[in-house]
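Below: the structure, in structure tokens.
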Amino acid sequence: MIHMRHDTGNKEKGTTLKEQVMLAIREHRVEPRPRAYFVLYTLAAALLAFVLAACLLYVASLALFISREQGLLVVPAFGWRGVTVLMYSLPWLVIALFLVLGILFGSVIRRFAQLHRRPFLVSFVAVALLALIGGFLLSKTPTHRRIERHVRDGSLPHIFGIGYREPFRTKHAPDAYVGTIITTTPDGFLTRLEEGDRLVYVVIERRTMLPDGSEFSVGERVMTIGDVVATDTLRAVGVRVMDSDW
Amino acid sequence: MSGETDEIIASAVQAGDSERFAELIERYQGKLLRYARKFILDPDDAEDIVQDVFVKAYQNINSFDAARRFSPWIYRIAHNEFVNEIKRRYARRIVPVLDFDAMFPHLLAPDTADSVAVERDLRIALDAHLAELDPKYREPLILYYLEEMSYAEISDIMQIPVSTVGVRLARARALLQKAAADDPALQS
């Protein structure tokens, strides 16, 4: 019997529902929870939403930072080959974390402001867009670069730098190379690759896609997508300067 | 019974006048009993379950925001209690964890009254075949046709998007009409 769960007393013959509930109230067998309980509950939910929002913003900015650092946001300019590199090299773990946090945050805030009236996908897309805009702005600040420097110096506890290392920071696709130009040549340039710290000669041909122009300077950090044609020689399909804007 | 609004009475209960809770019980017990009987489909236990609803409402009265309407608030408590009861009895969820109806946007059918003839036919079918419907379709029908609530109110009570209320009502109507068409008693 349900009424026994709340101990409103035995259901005597003839007593109405109202009488039973009121009797339980008068005898203080049922008490209202204090207002502070609900205030604390709301504060806890708001705090959880705030923490999730902060995490979401940070993870969005980290995904954008990693993508930009690895030159991923410029590779679609190289056509289908660039899209393949993008798909291979995107920081998928960070993106997965972003989606999980977005779903959690969306679920928490649906309790507020009557967001349940909208389909979940609509609130999730709105949350994701806002987080991406905020993350974009945050990724433009020196925050991530500083943290990454500390990670490389080893001055940050390992756990805090986890997002800046593999597997969160994925490797480049096999045919994408990032390096710094050591010297220029009549038909290309010599670059020191970041992965493996080796020297590679990049040959630029007429068909090579050069969205930033064909003039390269010593010291520039560039991404090259190309095919290995000989030992330490690449025939470039496309080259982009990585310090350029998006 | 006083002419005061539910919200004023609830505020008085919040302020410590617990006796006035009896007025709220008087106002809502008939409606909630009808809702329980139609939704849970067990007339015998409906009174016990509704009693639990009032106990929960009293325990949580301080969470009620008197600037809002009392009716959707107590119906929300009733909905939770009834859904838990159905889960307990049939050991299954009413809607799956991934409820695609509530996840994706749908075109919203307007919240308008049916024609008198359609409404009459639906009410006849409702009485005869409501029990055959899945609870997730049964509940919006009860709230819309018997409790005469708007889509927005049903959305607040069931915590589902307004467009999902429209989708479930449309499907529920179609199911009812099909059941009525197959029912020789209703045909005659």
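Just so it is clear, the structure is predicted and the values come from calculations on it, not from any experiment. So that the names make sense, note that chain A is the first sequence line, chain B the second, and so on, each numbered from 1.
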(request) Measure across A:V30 and B:Q59 and return the closest heavy-atom pair with its distance rounded to 0.1 Å. (result) CG1-CG, 3.7 Å
(request) Any chance you could measure A:L17, atom CG, to B:I49, atom CD1, to the nearest 0.5 Å? (result) 11.5 Å
(message) Nearest 0.5 Å, please: how far is CD1 in B:I61 from CZ in A:R35?
(response) 10.0 Å
(request) Could you tell me which non-hydrogen atom of A:P119 sits nearest to which non-hydrogen atom of B:P161, and how far apart they are? (result) CA-CG, 3.5 Å
(message) Could you report the tightest heavy-atom contact between B:A22 and A:K18, atom names first, then the distance?
(response) O-CD, 3.7 Å
(message) According to side chain to side chain donor-acceptor pair (under 3.5 Å), who are the partners of A:D175, at least two apart in sequence or on a separate chain?
(response) A:R81
(request) Decide side-chain contact (heavy atoms from CB on, under 4.5 Å) for A:I25 and B:Y58; before the verdict, give the C-alpha distance in whole Å, the side-chain angles of both, and the deciding distance to 0.1 Å. (result) CA-CA 9 Å; A:I25 291 172; B:Y58 183 73; 3.5 Å; yes
(request) Return the option, out of B:E19, B:Q14, B:Q29, with the maximum number of heavy-atom pairs under 4.5 Å with chain A. (result) B:E19
(request) Measure B:Q159 against the heavy atoms of chain A and call it side chain, backbone, both or neither at under 4.5 Å. (result) both
(message) Counting heavy-atom pairs under 4.5 Å with chain B, which one of A:Y41, A:Y37, A:F38, A:F124 comes out on top?
(response) A:F38
(request) Work out which heavy atom in B:Q51 is nearest to a heavy atom in A:V21; give both atom names and the distance. (result) CG-CG2, 3.6 Å
(message) Using every non-hydrogen atom in the two residues, find where B:I25 and A:M22 come nearest and quote the distance to one decimal.
(response) CD1-SD, 4.0 Å
(message) Minimum heavy-atom separation for B:N62 and A:P32, please, with both atom names.
(response) ND2-CB, 4.2 Å
(message) According to side chain to side chain donor-acceptor pair (under 3.5 Å), who are the partners of B:D17, at least two apart in sequence or on a separate chain?
(response) none
